[in-house]
There are 4 protein chains.
Amino acid sequence: MAKLWGGRFSKKTNPLVEEFTKSIQFDKKLAAYDCAGSIAHARMLGKCKIIPKKDAVKIVSGLNSILNQIKKGSFKVDNSVEDIHTAIQNALDKKIGKSSGMLHTARSRNDQVSLDTRMYCKEEINSILALLAGLKASIKGFSKKNIDVIVPGFTHLQNAQPVLLSHQMLAYCQMLGRDIDRLNDCKKRVDVLPLGSCAISGTSLPIDRNFVAKELGFSKISSNSMDAVSDRDFVIEIIASLAIIGMHLSRLSEDLIIWNSQVFGFLDIGDEYSTGSSMMPQKKNPDVLELIRGKCGTLYGSLVEVMTMMKGLPLTYNRDMQLDKEPLFKSVETVRCSLKILIAMFKCLKVNKEKASELLNDEAIYATDIMEYLVKKGVPLKESHDIVGKIVAYGLQRKLKLSEISLREYRFFSPKFNKDAYELLDAKKSVSLKNSFGGTSFKQVRRQLENA
Amino acid sequence: MAKLWGGRFSKKTNPLVEEFTKSIQFDKKLAAYDCAGSIAHARMLGKCKIIPKKDAVKIVSGLNSILNQIKKGSFKVDNSVEDIHTAIQNALDKKIGKSSGMLHTARSRNDQVSLDTRMYCKEEINSILALLAGLKASIKGFSKKNIDVIVPGFTHLQNAQPVLLSHQMLAYCQMLGRDIDRLNDCKKRVDVLPLGSCAISGTSLPIDRNFVAKELGFSKISSNSMDAVSDRDFVIEIIASLAIIGMHLSRLSEDLIIWNSQVFGFLDIGDEYSTGSSMMPQKKNPDVLELIRGKCGTLYGSLVEVMTMMKGLPLTYNRDMQLDKEPLFKSVETVRCSLKILIAMFKCLKVNKEKASELLNDEAIYATDIMEYLVKKGVPLKESHDIVGKIVAYGLQRKLKLSEISLREYRFFSPKFNKDAYELLDAKKSVSLKNSFGGTSFKQVRRQLENA
Amino acid sequence: MAKLWGGRFSKKTNPLVEEFTKSIQFDKKLAAYDCAGSIAHARMLGKCKIIPKKDAVKIVSGLNSILNQIKKGSFKVDNSVEDIHTAIQNALDKKIGKSSGMLHTARSRNDQVSLDTRMYCKEEINSILALLAGLKASIKGFSKKNIDVIVPGFTHLQNAQPVLLSHQMLAYCQMLGRDIDRLNDCKKRVDVLPLGSCAISGTSLPIDRNFVAKELGFSKISSNSMDAVSDRDFVIEIIASLAIIGMHLSRLSEDLIIWNSQVFGFLDIGDEYSTGSSMMPQKKNPDVLELIRGKCGTLYGSLVEVMTMMKGLPLTYNRDMQLDKEPLFKSVETVRCSLKILIAMFKCLKVNKEKASELLNDEAIYATDIMEYLVKKGVPLKESHDIVGKIVAYGLQRKLKLSEISLREYRFFSPKFNKDAYELLDAKKSVSLKNSFGGTSFKQVRRQLENA
Amino acid sequence: MAKLWGGRFSKKTNPLVEEFTKSIQFDKKLAAYDCAGSIAHARMLGKCKIIPKKDAVKIVSGLNSILNQIKKGSFKVDNSVEDIHTAIQNALDKKIGKSSGMLHTARSRNDQVSLDTRMYCKEEINSILALLAGLKASIKGFSKKNIDVIVPGFTHLQNAQPVLLSHQMLAYCQMLGRDIDRLNDCKKRVDVLPLGSCAISGTSLPIDRNFVAKELGFSKISSNSMDAVSDRDFVIEIIASLAIIGMHLSRLSEDLIIWNSQVFGFLDIGDEYSTGSSMMPQKKNPDVLELIRGKCGTLYGSLVEVMTMMKGLPLTYNRDMQLDKEPLFKSVETVRCSLKILIAMFKCLKVNKEKASELLNDEAIYATDIMEYLVKKGVPLKESHDIVGKIVAYGLQRKLKLSEISLREYRFFSPKFNKDAYELLDAKKSVSLKNSFGGTSFKQVRRQLENA
């Protein structure tokens, strides 16, 4: 097991230590980025005459062949070495012999691992951005298909006002839209080349960092070597953004789980997306949604993990920082899987309109419409609120729905009431009236669908 | 104690419940924003003829007088009411009588509290941005003053390479710079007007949300009413950004605490910024820095608090969301106080140069310079690393510093060594050589100082 | 503003620093404990002749008079001093003059604040234990009153099997029972006297720690002075226990919120425990329960706050540790308020039996009973599960309830079916059959009620 | 891929769903417990005549052979199935044919997985208890070997008072002792048999839960079926206890990292436990300790993960709960590895006494001794503190050590000073004097060593 260090040591590392400190079991995920980064670095070393041109060429060609293997899945990672950097260095040694010993010139693993992680992040942010857009599209498709479905909108899980189901679904598109914006902003801070910062202070060799940045498609290079090797802000910021996505998905899942319960019953997740019970033969459970909801914990936990690890670390690099990768990878994976399955699931969700309209039987849901009816007739809001509150109470005591209360009775509460008030006790009407910008009227919802 | 609701209730609220649910004890912080928001809302109601012009005028004038009281500190908040919205509504009732009952038209506390919180956030982000800039300036001043101080740079808290103290300090300016960028990005998502979303679904009244946005200086209005009343992303995003600031400050504090210890001793915090012990008369402790370090926990905790609260909540508004404010306020306050005191403290920090140069007596710190010396002479990096490692080990065994090893001995390890190698064993020289972009050379550090 | 230190300082503390480091604004909560602790300490100093008897007497009497003031609420805390220890010392100075300067002999604030906090914790654990018992009793009362109510039991929020509502409620009593056990265990580790550890290393004065422990009712004294002054395990352990309580209450709230929704509707929280909406006149919201659910975040956040603060602190005392108190106090307060209001609320909860039995119309809920019917007739479980699953599917396709499927049809699936199978389609029967230990039968639930 | 359910479904599960919901990739860790649990369950079914004796015998023998395979490592886990319960059920099917279909009688995966997890926890708690005892022993060994080493004790990382290095190390033994107590308490709540609770409500079959508990060595059985299947308190409580251990180890690591730095330099971790740098040939870094410190984050993160997952879940079982296992396993593994390596490392730690005594040159460290000297001569503490503070300041101004200040000068500050005061300026003397219980005197430390 060759190492990237050792000359100064007089005793062999304890095998327990090698086992404990190694990162190869997870950082092999960075193999392709490590190769690509090294290729650019070697080109630069050659170009700047820090190493002989011909050695640079040999290194680049060796690394290219390793990169090909990685991409084809045929690169065998040696799990006995310390990390992926060592694994690739060793493979290169075998492939091209002595020249490979020049690759690590003007470089430390401190800046190298930061480079690899940033390259990984750039790619993964893009893949998650695509999935977020995919889920928006999937929800939009569902919303279009069910544009005419009206359900009770809830605050405090209590019937509030009738809303278009699509309006509620498009609320989630708004959240996903913000998630996209957040990740895009985050990307700006990931897109900074750390390589060339070396271990802590830069190098006395005449490197050309701009060349490397160009080769690797970075739009900025880091300005302070000590910051560059000990900065994990970008990891925290990504995980924080993913945690907010996880929170959004936990709320979406909660909504769907509730609607898919027998009691609410206006949503049907479908056999393909449900699972059964080993004891209760009738069960068809929304396990997928529950796992998505639960995985919010995985994301919050990962965020706490990295933030705790970074707390109070003196500058510059400390080995603690190696622990950023597992939570990062896990968070990315978690969000990716959840998005993927939701995209598919939304294509199969079915709505039980009958059950939906049953839930609208509770006419108290129109109380606000009646209140605004009075406001339009000049009754001050405060008074209107009070009047309608009393009418609701009156109905409850006599077990009368709002439509079962007579006009005479209404007029007892306010002389402003006319027959047209009864027209308000209709879900379609109620929804249509909410035509303020962002409201639940068909018009507003269609506008959202077009912009979403 | 007037309430904003009640008509529908037949029994009185249990006083325990009133005590338990009320938010007045902390949301009074939003008083001025609540007034300003209501003024814009009332103007709009008048302009759109939703309420009579003259009532709108009365309301606006009443609110303006309340706002004046708030600004002067003479507004007495009634701590017995539910929340600040109710407190101001009641004050308005007293001031202008019946017209005040029209203010709450086409509005719910759900969109109102979101508006107030967003206004608060916009202002506080700006105040923290100013403080971040202030700390950058303060650190820059310190760095300029101490531009010639060289200290050991550390990785793993082990001597690594000599660096300019100012280089390390400017690493923190980089972090603060990212903090500024992050908050600026965050502001875009705060700067969205929710008012007009009403309770959940918008309103049937002909409101003009763009008018309100303009009045209040919002550059966007929310697109989906259900999202608008149940969105707390902006709170989480701000607290997450503040938590990262807190993490940066915890690292800065750790560095300063270590340097200020008697053992490191190259930094002196000064009597004005230290505190003593009730038992040990000689003590001069860096309590301020320890508290800043510890308050990282306050920020992480606040983030977990709000994220947990939002997890799995069904749409739309749920009362849980009221619990966003205390952690938000506390986080803002915490970061503000920490920044303020650091700005002042940096002006008094003193450097003990003697102690600093003592720490540079460990000549092993020049090992990398010697390695790069060999690389420049054509020795491949891997070999150079090994050679120097062995020289270090040789010195340790014989208790020889690098300068005490003879040229003959050096040549035993590599024939490439010449007398000029000894010139490298000098901190100033070492630092000057690290002239790669972002390195610790005087030139690079001066560049940073100019750009910081 | 007298301080407990200062002789060694040549410059005055910056007022910003005094403001930033002070804890008086929250640690005044410890006033009574601080006095009581000092009284015991002074008695010991006198008894051991470390200070003259007559001075000890004077100190004790002065402190007793301060303690009286504190208990009566007439002690005016001077908010300009550093902490409560200073405030009380200053008050004592005023009261008894010079002798008071002897009180702090053989003591540091490091061990003093640990003592005060432990005394606070011991008392508060007891008060929370009483409230936990109170909530158990309140739930038990509710369960007794509603012993005959049957509701669908849920897994995955899907109808699972009929259960006694009281069985579900008694599940919460189990949780509360574990909470009680946990806090009792925790108390053992709180109940250790730290006083006498002094600043870090003990003292050269002949103190008698056992005497102090006896005076203050501690059953153990700490064994290592360096551990004693830097140990905050007990704070973390208490908050962790409270966080688990918070989690339990969040689940209880979620259950009640769902049942109290119009859609489920078999629970009625009552006007006294509900609140209304400023816009929707019909609303009666379970805000109290939502806040209890949300406050789970407050508790998790507090736990993260203290754990983060303690991470990586070198021994021994560091000022960071001062930040343990606010999250501790807040957690205790949060749990106390939530328990109190739940105890009261449970006395008013009403059950809507009609709605409950409506929800039992879904006969698929008896599938497991039918499966076990077959098992009793010798059909292997796996086969029975499959048979009943197919019967359920058969019914769904034909829109037949289980009671509407003919015996001939049943026999088509398995010849073991007899007429008595239909008797199983009855909630009372179903519940009665689950008589395994811990099951939902009336007998088992009554047993629980007796033991709870 | 056989499943434990399916009869009721008309469409096939989407493969994405199978992938997403499966737990086999991690719950295979429970294989042996699952077998053992099933063996006891099958014996009970036979004994109670719920299934024919001969089938029970066949099942038990089949499971025993699988259990053997598992123990020998020859059991091939089929990664394509849902979970370990299914994998073992399928293996049993293959081995014994039809009888295996009776095993799952009167059982659900809900109670089965809780059983398996509890069995895992019981075993792992014991293994960690042994390691905690091992680390205590290892630290004790180190402390004995270095009983005569005196170092500055720190508060606020500032020189406080001289202490025995072993005293500081034994502080960690105190922490580990509390960790042991906490885990033992926790074990009481783990040691409860959930099996027999079935899916949610128990069973109508005549099971004997006490028999199963006896077979499996559980000392209690759960009292409420709904609680039993949805309780994860024990998981949270264990992880919380492990998180506190992680916090302790992070502090220990921090101490050792600081002492092992070149600047402090009185500790030497040894080549076998250090690692090097790929760029800086002289480096010997304490990576192991940094990783242990950083893994505090892993533990805190895991705790937040499970707590978040459980927040607000309605009763009873929800699939979210499946997510308890990965953080549980990871936490156990993390603590186990950290303890193991520390046990080994402590046997190799070397102390540099020369460096230690150099650090004691700062005579201000004896200020407290001088203060107590005055107290013994009758000077009130407050006055003594002030006098010594002024002497320290006097020395600082004149750059005089305490031993360099003349007796005349001392007497200027207080006439109580005599020549014997100078005797106090000696580390051994200082340490010996701190003979209060728990203090740092040799006698007290020896007492601790005997009890540790």
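Quick caveat: nothing in here was measured; it's all calculated off a predicted structure. Here is the naming used below: chain letters follow the sequence lines, and residue numbers restart at 1 for every chain.
D:L291 and A:L323 get closest at one heavy-atom pair: O-CD1, 3.8 Å. Contact between D:E290 and A:D320 at its shortest, heavy atoms only, is O-OD2, 3.1 Å. What you find for D:L16 and A:A344 is that their closest heavy atoms are CD1-CB, 4.0 Å.
Ranked by heavy-atom pairs shorter than 4.5 Å toward chain D, the options A:D287, A:L299, A:I257, A:I292 are led by A:D287. Counting heavy-atom pairs closer than 4.5 Å to chain D, the top-ranked of the candidates A:P15, A:P327, A:C198 is A:C198. Chain A forms the most heavy-atom pairs under 4.5 Å with one residue out of D:S108, D:G7, D:P314, and that residue is D:S108. Counting heavy-atom pairs under 4.5 Å between each of A:E326, A:K311, A:K295, A:M307 and chain D puts A:K295 at the top.
Looking at D:W5 and A:P281, their side chains never come closer than 4.5 Å, going by heavy atoms from C-beta outward. Counting heavy atoms from C-beta on, the side chains of A:R319 and D:T275 come closer than 4.5 Å. Counting only heavy atoms from C-beta outward, the side chains of A:I200 and D:M280 approach each other to under 4.5 Å. Side-chain atoms of D:S338 and A:F20, non-hydrogen and from C-beta on, do get closer than 4.5 Å to each other.
By the neighbour-count criterion of 12 heavy atoms within 6.0 Å, atom CD of D:E333 is densely surrounded, having more than that number from other residues, nucleotides or ligands. A 6.0 Å sphere centred on CD of D:Q25 holds more than 12 heavy atoms belonging to other residues, nucleotides or ligands. The 12-atom threshold is not exceeded at NZ of A:K340, counting heavy atoms of other residues, nucleotides or ligands nearer than 6.0 Å.
Only the backbone of A:K283 comes within less than 4.5 Å of a heavy atom of chain D; no side-chain atom from C-beta onward does. Both the backbone and the side chain of A:T21 come within less than 4.5 Å of a heavy atom of chain D. With a 4.5 Å cut-off on non-hydrogen atoms, A:K284 touches chain D through its backbone and its side chain both. Both the backbone and the side chain of D:S274 come within contact range of chain A, each with at least one heavy atom under 4.5 Å from a heavy atom of that chain. Contacts between A:L313 and chain D at a heavy-atom distance below 4.5 Å involve the side chain alone, from C-beta outward. Proximity to chain D is limited to the backbone of A:Q282, based on heavy atoms less than 4.5 angstrom apart.
Expressed to the nearest 0.5 Å, how far CE of A:M309 lies from SG of D:C296 amounts to 12.0 Å. Between A:M279 atom CE and D:D111 atom CG the span is 7.5 Å, to the nearest 0.5 Å.
No donor-acceptor pair under 3.5 Å is formed between the side chain of D:T13 and the backbone N or O of A:E272. A distance-only check finds a donor-acceptor pair linking the side chain of A:S278 to the backbone of D:R109 [under 3.5 Å].
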Open item on the list: What verdict does the side-chain contact (heavy atoms from CB on, under 4.5 Å) test give for D:R293 and A:N318, after you've listed the backbone C-alpha separation in whole Å, the side-chain angles of each residue and the deciding distance to 0.1 Å?
Closed with: CA-CA 10 Å; D:R293 180 178 60 188; A:N318 301 280; 3.9 Å; yes
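Judged as a ring-ring contact (aromatic ring centres under 6.0 Å, His included), the pairs with a partner in residues 301-327 of chain A (not counting sequence neighbours) are, in order, A:Y317-B:H156. Under the ring-ring contact (aromatic ring centres under 6.0 Å, His included) criterion, the residue pairs touching residues 318-337 of chain A are A:Y120-A:F329, with sequence neighbours excluded.
For D:S10 and A:D271, the side-chain atoms include at least one donor-acceptor pair closer than 3.5 Å.
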